[in-house]
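See below for the structure under consideration.
Indexing begins at 1, ligand by ligand and atom by atom, following the structure's order. Worth saying up front: this structure is predicted, and the values here are computed from it rather than measured.
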Amino acid sequence: MEQAKRPETMERITTPELAKAFIDEQVAALQKQIGDKKVLLALSGGVDSSVVAALLIKAIGQQLVCVHVNHGLLRKGEPEQVIKVFRDEMKANLVYVDATERFLGKLAGVSDPETKRKIIGGEFIEVFAEEAKKLEGIEFLAQGTIYPDILESEQGIKAHHNVGGLPPELNFELVEPVKLLFKDEVRVVGKELGLPDNMVYRQPFPGPGLGVRCPGAITRDRLEAVRESDAILREEFAKNGLAGKVWQYFTVVPDFKSTGIIDGKRSFAWPVIVRAVNTKDAMTATVENVPFELMQHITDRIVHEVAGVNRVLYDFTPKPTATIEYE
Ligand code: XMP
């Protein structure tokens with residue numbers, strides 16, 4: 001299929017005025033393309049799908065059906081924020097599917113990283129397709145494809161993951177309103193559409209979610225330690241001015257235990273690894289020099305507030321040799 005090309009004359013969207021012009025133009029184009037038909041969108045809460053949702057709500061309101069699948073591997077507060085912003089504030093037609101039990105059931109005892117990723121990806125498509133089949137009269141599928149996705153698929157860097165996996169009986173026409181935009185432009189448009197800053201300037205988060213930060217076979221208690229320690233790290237980075245400065249930061253809880261002392265008693269518990277990196281394109285990355293006192297404070301909070309943890313380690317490894325994620 002012939003992919004869209006960004007015209008050389010297209011101005012970079014850097015200001016609220018340019019974003020507003022883009023939004024007006026897209027709203028008119030979407031109304032023309034869609035008419036009175038219905039559109040389906042998988043809304044992850046990431047920047048791209050959130051901006052597409054907000055654009056479509058503006059253009060066609062209740063003709064958009066958003067499906068938010070919680071695979072049980074989201075960060076603390078994420079599904080709640082998607083529901084608050086889109087259902088409560090933007091009045092979107094939102095189907096929320098809590099598929100936690102289903103995903104964790106399928107992942108139980110699976111330790112191979114690639115198998116874990118395949119299970120999460122495959123199950124996601126299945127849950128989404130099941131929801132789509134329950135809905136009547138959907139003719140369009142909206143996607144948060146952005147320009148780098150098109151460029152990278154052309155250059156053979158990564159397969160254009162969009163749609164590929166949906167069952168053929170779900171024969172939708174595509175709606176991709178931000179496919180000619182770069183990430184920074186998507187953010188400017190999102191801000192102009194009134195999305196909250198913590199959604200618009202969100203750090204990257206992998207599709208398989210916390211699953212790749214709970215190395216080996218995922219257990220509920222270790223997954224909870226990842227989620228809680230990540231929430232503390234994000235809170236402290238936000239409070240101390242690092243949230244907008246550091247490209248990506250998160251915690252990992254490896255599957256081994258070591259001896260420690262908690263409340264005067266011997267403990268045998270997991271370590272939490274903190275990772276904070278900077279990069280332009282995620283192909284290489286350097287490690288953030290987090291102030292020592294802040295790391296001490298974060299350590300103190302994690303070991304006292306997160307169940308099953310007695311140590312905190314900092315990952316000093318750039319990419320290469322390490323990748324950013326652990327699986
Ligand atoms: P690595 O670990 O390869 O990560 O150095 C590079 C960047 O890609 C993100 N990442 C993913 N994003 N789906 C995504 O949408 C994935 O399966 C995935 N795996 C890694 C990672 O968080 C980092 O920003």
*With K265, which residues qualify under side chain to side chain donor-acceptor pair (under 3.5 Å), at least two apart?*
none
*Parallel, tilted or perpendicular: which describes the rings of H71 and F103, with under 30° parallel and over 60° perpendicular?*
perpendicular
*Under 4.0 Å from ligand 1 - residues by heavy atom, chain and number*: R117, P204, P206, G207, P208, W247, Q248, A282, K319, T323, I324, E325
*salt_bridge(R275, E288) N-O dist < 4.0 Å*: no
_Side-chain hydrophobic cluster, 4.5 Å single linkage: members besides L313_ = W247, F250, V252, I273, V277, I324, Y326
*asked:* Around atom NZ of K118, are there more than 12 heavy atoms from other residues, nucleotides or ligands closer than 6.0 Å?
replied: no
Return all side-chain donor-acceptor pairs below 3.5 angstrom for residues 18-31, not counting sequence neighbours, or 'none' if the list is empty.
| unit_1 | atom_1 | unit_2 | atom_2 | d |
| --- | --- | --- | --- | --- |
| K20 | NZ | D24 | OD2 | 3.1 |
| Q31 | NE2 | A59 | O | 3.0 |

